[in-house]
Amino acid sequence: MCGIVGFTGARDAAPVLLQGLERLEYRGYDSAGIAVFHDGAIQVEKVSGRIAGLREKTDNGAGAPGAAGIGHTRWATHGAPTDQNAHPHLSNDGRFAVVHNGIIENYLALRQELMDYGYVFHSETDTETIVHLLEHYYNGDLKAAVMKTAARLEGSYALGILCTETPGVLYAVREASPLILGVGVGENYFASDVTALVAHTKNVMYLDDGELARLTADSVTVYNCAGQEVQKPVSRVTWSVEAAEKGGYAHFMLKEIMEQPAAVKAALAPRIQGGRVQMDDFDLEAKELRDVRKIIITACGSAYYAGCSARYAIEKLCRIPVQVELASELRYCDPMVDEHTLVLVVSQSGETADTIAALKECRNRGAKVIGIVNVVGSTIAKLSDHVLYTFAGPEIAVATTKGYTTQLVVLYLFALYAASKLGRIGMERYDALVKELQQLPQKIQQAIDMNWQLPRLAGRYASPSLFFIGRNTDYAVALEGALKMKEISYLHAESYAAGELKHGTIALIGENQPVIAVCCNEALMDKTLSNIVEVKARGAKVLALAVKGNKTIVSQADDVIFIPRVETLFSPAVAVVPLQLLAYYTAREKGCDIDKPRNLAKSVTVE
Ligand code: F6R
């Protein structure tokens, strides 16, 4: 949800800022801008639309010389995506420029106060209040003005600040929005995400909430909210530049779908040693687990659907009740959570505002929290008692794919780990399930290889409205399959528990209605089959997703896509892959902007 970047060094800032913004474009892409300090003044360039427009406007940065600058790519919250509302925003006296990711909740009161002082507003944004506050509080000490400004702001913000009075100096401030400092040689950076930094440096510092940083070409100094200097460790990023590039694929989404065998392997390999699930990253004693009366999995979107899938594995193997809750609902429902509740918080970005709020709510009620997170050093990782990283690598496409499958396998690992600690699984079953987990990467690869006919099927089943049905683990897959279809192809897709159709929704099934029937849970195959027969009797066109060799399905469905045979509890990690591809090819057929679907952003840092 908006990306910010900053650079100070000895070379021109604009090309670095533009490149950084391109890497951050997945966070928001309705307008963009840069501000660069040069010859005693700040030059601001901004456009509505994509970074490509900003490149063109600035002649690839050559039109905005200067060795210190800040940049922004926007996902509009306050005010339409226009040039005026694009960041950076400039103070009335032209001495300050600000970029902001987040939301200032008290901006209306601040705006009124600043207008009463005589400040003139040029945009509808909440951000503009920040730059006028800076001007208002500045009396020769920039750090003091930044601190006074930050103290007035309520809400979430990552700020980048440029000031004509302090050439070569940038300020960066963080409160509940991601912000990372890049430490280079003779140049330094900040960004919302490491993907914007890895081309220049792999040495980073993670700012904590309430901290601010002063960056010059040669120094990075971090202060707490009281203005005292704090020593921050420098961490090494393991992601490569190539990992954040398309690598010959037409879209990041396709690349990330294809990366799933490797990503799932990366999530599994370090945690299975000598045939046993080892969680080096955390250790829950059997006693602690025995104290757990219920597990809550909380998350948003696809991460929530990962929880819906994994619930079956955890309940079956650990015999602990599992509740899967949308984070945006959990936070407001006065949840029945106490010190006997274990909360699994699932998030690719680790920055989703609703998920963070749900986590805090549960912690305040005494629950122990395990974060299942991809982005190292993210807010959810910091707030959790234990973190299990998913090791998916950078996920750039807005629609998650490898982020989701790696969340699933980490949840499966947790299920096996806990079941074994609790002594609730026999050795033979345990060994068999560990082997099944180890085979997931190759089975995902087979699911990709088997389905060369998907581009054709995507054309055949594209329709203004689709149904995705399934039971139990298959229902969880249907939920994720329908979400993928909706978000990137803009087709209405309804996911339904197959057995529920006849309780109302079957009224919508008519001639040629496409129904995608997930039938990979072989124990429930006959039941889902009867639902297929029901919809076919009403004229539906059925595309089934089944385990290879299933002849009954072939005889009933109009078309079938297959996955290899896989342990039912873990089957969602394989079954979802053809549905990701179906959504991808459908969106491609429709000419949609696959990596940056309309109205969406990768990291949802607002409520
Ligand atoms: C869908 C998608 C979203 C995210 C959701 C949570 O493809 O990407 O539904 O899953 O916004 O995001 P994280 O996992 O970053 O908390």
Side-chain angles (χ1 to χ4, degrees), residues 2-28 32-38 45 51-52 54-55 58-62 64-73 87-88 97 99 101 158-162 167-174 177-207 213-222 232-247 252 375-378 393-396 602-603:
C2 302
I4 68 171
V5 62
F7 170 85
T8 177
R11 55 183 167 140
D12 274 343
V16 180
L17 299 176
L18 288 169
Q19 190 196 35
L21 290 178
E22 277 159 354
R23 296 251 193 254
L24 296 175
E25 204 172 15
Y26 69 90
R27 300 180 65 88
I34 55 171
V36 180
F37 176 78
H38 183 56
E45 299 291 348
I51 315 291
L54 189 60
R55 263 202 185 282
T58 60
D59 189 15
N60 288 320
I70 56 181
H72 188 269
T73 179
H87 303 206
V99 288
N101 172 28
L159 305 178
I161 297 164
L162 186 66
V169 176
L170 304 179
Y171 269 88
V173 192
R174 174 191 159 128
S177 265
L179 192 55
I180 294 149
L181 310 178
V183 183
V185 179
E187 51 189 46
N188 290 303
Y189 323 77
F190 63 76
S192 307
D193 184 321
V194 287
T195 51
L197 301 175
V198 282
H200 307 289
T201 181
K202 294 208 165 173
N203 294 329
V204 299
M205 289 180 190
Y206 296 100
L207 275 191
R214 180 180 187 276
L215 289 84
T216 67
D218 304 309
S219 66
V220 175
T221 319
V222 180
K232 301 290 287 184
V234 175
S235 310
R236 224 27 223 159
V237 177
T238 49
W239 294 354
S240 65
V241 183
E242 296 72 42
E245 285 174 348
K246 278 192 212 150
F252 277 112
V375 178
V376 175
S378 57
E395 194 178 58
I396 310 287
K602 182 81 183 154
S603 178

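Taking Y189 as the reference, F7, H200 meet the ring-ring contact (aromatic ring centres under 6.0 Å, His included) condition, with sequence neighbours excluded. K202 meets the side-chain hydrogen bond (donor to acceptor under 3.5 Å, both in side chains) test with no other residue; sequence neighbours excluded. For T216, the side-chain hydrogen bond (donor to acceptor under 3.5 Å, both in side chains) partners are S219, not counting sequence neighbours.
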Please lay out, stage by stage, how R236 and N203 fare under the test side-chain contact (heavy atoms from CB on, under 4.5 Å).
CA-CA 5 Å; R236 224 27 223 159; N203 294 329; 3.0 Å; yes
How far apart are the C-alpha atoms of I51 and L18, what are their side-chain angles, what is the distance that settles it, and do they pass the side-chain contact (heavy atoms from CB on, under 4.5 Å) test? CA-CA 7 Å; I51 315 291; L18 288 169; 4.3 Å; yes
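A distance-only check finds a donor-acceptor pair linking the side chain of K232 to the backbone of Y206 [under 3.5 Å]. Of the possible donor and acceptor atoms, none in the side chain of T8 sits under 3.5 Å from a partner among the backbone N and O of L170. Panel note: side chain T73, backbone A32; no donor-acceptor pair is recorded below 3.5 Å. Looking only at distances, a side-chain donor or acceptor of D12 sits under 3.5 Å from a matching main-chain atom of G66.
Considering N188, V204, V222 as possible partners of L181, the one that fulfils the side-chain contact (heavy atoms from CB on, under 4.5 Å) test is V222.
Atom-to-atom distance recorded for I161:CD1 and L215:CG is 11.5 Å, nearest 0.5 angstrom. One finds the CG atom of N60 at 11.5 Å from the CD atom of Q19 (value rounded to the nearest 0.5 Å). To the nearest 0.5 angstrom, E25 atom CD is 10.0 Å from F252 atom CZ. Here CG of L17 is found 11.5 Å from CD1 of I4. Values are rounded to the nearest 0.5 Å.
Of all heavy-atom pairs between A68 and G168, the closest is CB-CA, 4.1 Å.
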